[in-house]
Each structure stands twice: as C-alpha cells, then as structure tokens.
Amino acid sequence: MTVEANTDSSADDTNDERIVPLRLQKFLSRAGIASRRGSENLMTAGRVTVNGEMVRELGTKIDPLVDIVCVDGKPVSLRDGNIYVMLHKPAGYLTTMNDPQGRPTVASLVPVEQYPGLFPVGRLDCDTTGLLLFCTDGELAQRLLHPKYHVSKRYEAMVDGRLFEQEADILRKGITLDDGPCNPAEIIVESSGFVSRVTCIISEGRKRQVKRMFSAIGHPVLSLHRASFGVLSLGDLPVGEWRELTDNEVNALRAVVEFEKES
Ligand code: URA
C-alpha cells in the first residue's frame with residue numbers, strides 16, 4: 001500500500017490506472033462494492049482497511065495481488081479482474097490476434113502485453129473502421145454476440161449510387177440473404193446522389209452483413225464505419241487509439257445482456 005500526495009479524487013475519472021497499483025476507491029468500485037464516489041465515502045467513514053489498517057486517505061494505492069482489503073471487516077476481491085477496452089480501428093488491419101501470414105492485425109493496436117488475454121468481441125472487416133470492443137471476459141463477449149440479446153450496432157456507410165427510400169424499405173422490412181433472413185434494420189438515408197450516405201443500425205452481427213445487405217439491393221458499400229456497439233460510442237477517440245471502458249460503460253453493457261449490475 002502506498003499513499004499519494006495528490007488526493008484529488010476527480011483524477012479517478014480518467015483512465016490513467018491501467019496497471020497496478022490501483023487507487024483504493026477504484027479497486028472498491030471495480031470489485032462491485034459501491035460506485036467510485038460511494039467507495040470514497042466508505043473510506044472516509046473509516047470502514048475500509050488495508051492489511052488491517054484503517055485507510056481514509058483517498059490517494060491511497062494498493063496492489064490487488066498483494067494487499068488485503070476489507071470493508072466492515074469483510075475481505076474484498078476484484079469481481080473478476082476482467083479488462084474492457086475499445087479501439088478505434090483503422091482500415092487495413094485484420095480482426096485477429098495473430099495472422100500466420102504476418103499481415104497487420106488489431107493485436108498491434110491494443111495493450112496485449114499489459115493485459116494478456118484480451119480478445120476482440122466480434123469482428124470488423126479489414127477495410128471497415130470504427131468501434132471494436134476487446135475484453136478478457138468470455139462470458140460477457142459470448143452474450144454480446146448472441147443473437148438473443150439483439151445488441152445494436154450503428155454503422156455509417158457510403159454506398160454506390162442513388163439510394164431511394166423504397167429500396168431502403170427492403171432492408172427496413174428485413175431482407176433475406178443467402179444465410180437466412182435478417183432482422184429489420186433501421187436505415188437513415190442521410191444524402192443520396194452518385195454515392196449515398198447512410199446510417200444503418202442492425203441487431204445482428206453476421207459475417208459481412210451490412211455489405212451483403214446493400215449489395216443485395218444493388219448498392220455496394222464503398223466504405224463502412226462502426227460508430228457504436230450497444231451502449232458504447234466511439235465519441236472522439238482518435239483513429240488507431242484505444243481506451244479502457246469506464247465502470248459505468250461496463251455496467252451498462254452487462255445490463256443489456258442481463259448480467260446483474262455490479263456497482
Ligand atoms: N458488416 C460488414 O459488412 N462489415 C463489417 O465490417 C461489419 C459489419
């Protein structure tokens with residue numbers, strides 16, 4: 001356990017704590033004990049001990065692998081130790097952690113050495129840009145990808161040719177592709193001309209689904225970008241950069257797929 005001179009609790013809202021040691025209040029919220037603010041309150045109320053010593057200083061950092069943290073005398077451990085990261089995927093990277101042919105992969109863009117076991121949740125085509133979620137949490141990933149939970153994905157596409165509303169209606173009703181019928185998609189034709197700009201929201205994640213949907217109505221996709229995945233949005237995350245999800249984002253994702261809320 002170490003005590004930092006800077007006790008500014010607002011610093012906890014940043015993602016600057018990707019490695020141990022971890023701020024005690026962040027540890028408590030990750031363990032599902034309370035929100036970050038609630039954890040601070042527990043600390044200042046004198047209900048938290050580290051290695052048997054009461055800790056009230058909000059700048060205290062602990063090593064979750066070494067220090068023994070208790071709240072009201074009960075030991076606390078991280079709920080699962082999982083890590084969740086979003087990447088703004090650039091074009092030209094394969095969604096795989098290892099390519100035997102040595103082509104560029106998303107593995108080179110996320111902190112795999114710091115967080116061993118990270119894997120992508122679903123995939124984006126090599127030329128698709130946008131939000132790609134990574135985590136070490138197999139169960140959550142499985143649920144997020146399961147069709148039963150209808151996790152929505154919002155894509156921004158440029159498609160070839162003038163796209164008419166009647167054509168978009170085919171996708172809105174749910175087009176049938178060679179691997180079966182698609183759920184109705186939400187389609188917003190943003191502009192239409194020699195090429196058309198479209199927002200497309202789908203609740204499935206079949207292989208090359210958006211491209212196949214638009215090809216099927218005669219408007220091949222020229223470029224594709226995923227702006228959101230479930231409750232997650234890229235925001236202003238620069239291309240090629242990653243960030244850890246906030247606790248709120250993780251809890252919101254978990255709620256969508258019916259995990260119990262953890263803080
Ligand atoms: N649909 C596609 O066609 N490609 C992607 O990369 C993602 C969704």
Side-chain angles (χ1 to χ4, degrees), residues 85-99 101 103-110 118-135 140-161 163 167-190 192 195-235 237-242 253 256-257:
V85 162
M86 75 162 76
L87 169 72
H88 188 158
K89 179 191 172 295
Y93 287 80
L94 295 172
T95 305
T96 174
M97 296 310 274
N98 175 38
D99 180 51
Q101 295 173 51
R103 292 169 293 181
T105 74
V106 292
S108 64
L109 302 172
V110 291
L118 268 186
F119 61 86
V121 180
R123 65 187 293 281
L124 292 177
D125 295 336
C126 188
D127 58 352
T128 300
T129 61
L131 198 165
L132 187 58
L133 175 66
F134 289 76
C135 69
L140 180 64
Q142 216 173 23
R143 291 198 192 193
L144 288 169
L145 296 175
H146 197 288
K148 158 177 162 189
Y149 293 105
H150 298 285
V151 174
S152 70
K153 293 115 193 153
R154 186 160 58 86
Y155 292 93
E156 292 160 3
M158 298 298 291
V159 304
D160 194 30
L163 180 67
E167 295 172 307
D169 281 344
I170 299 171
L171 304 182
R172 291 181 181 123
K173 286 189 187 122
I175 194 167
T176 295
L177 299 174
D178 50 14
D179 56 354
C182 297
N183 291 336
E186 195 176 328
I187 304 288
I188 303 158
V189 183
E190 311 280 358
S192 147
V195 297
S196 303
R197 197 155 60 84
V198 192
T199 296
C200 169
I201 302 169
I202 57 174
S203 59
E204 305 132 300
R206 280 147 58 180
K207 201 169 179 198
R208 301 186 65 254
Q209 183 171 341
V210 176
K211 290 177 184 167
R212 289 189 294 133
M213 283 165 50
F214 281 95
S215 285
I217 57 165
H219 295 279
V221 168
L222 305 174
S223 68
L224 190 61
H225 173 81
R226 183 155 74 190
S228 68
F229 178 89
V231 293
L232 305 176
S233 289
L234 259 191
L237 186 65
V239 181
E241 306 247 318
W242 62 271
L253 269 185
V256 165
V257 293

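Counting starts at 1 for both ligands and their atoms, following the listed order.
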**Asked** Under a 4.0 Å N-O cut-off, is there an ion pair linking D125 with K207?
**Response** no

**D99/T105 under side-chain hydrogen bond (donor to acceptor under 3.5 Å, both in side chains): CA gap, chis, key distance, verdict** = CA-CA 7 Å; D99 180 51; T105 74; over 6 Å; no

Does ligand 1 have any N/O pairs with the protein under 3.5 Å, and how far apart?
from     : atom 1 : to   : atom 2 : distance (Å)
ligand 1 : 1 (N)  : V210 : N      : 3.2
ligand 1 : 3 (O)  : R208 : O      : 3.2
ligand 1 : 3 (O)  : Q209 : N      : 3.4
ligand 1 : 3 (O)  : V210 : N      : 3.3
ligand 1 : 3 (O)  : K211 : N      : 3.0
ligand 1 : 4 (N)  : D125 : OD2    : 2.8
ligand 1 : 6 (O)  : D125 : N      : 2.7
ligand 1 : 6 (O)  : D125 : OD2    : 3.4
ligand 1 : 6 (O)  : T128 : OG1    : 2.8

**Request:** Could I get the full list of side-chain contact (heavy atoms from CB on, under 4.5 Å) partners for P184, not counting sequence neighbours?
**Result:** none

**Request:** Could you pull out all residues at least two apart from R206 that satisfy salt bridge (Lys or Arg N to Asp or Glu O under 4.0 Å)?
**Result:** D179, E204

**Asked** With sequence neighbours left out, what residues match L234 under side-chain contact (heavy atoms from CB on, under 4.5 Å)?
**Response** M86, H88, L131, H225, L237

**Asked** Applying the side-chain contact (heavy atoms from CB on, under 4.5 Å) test to P120, which of T95, V110, T96 qualifies?
**Response** T95

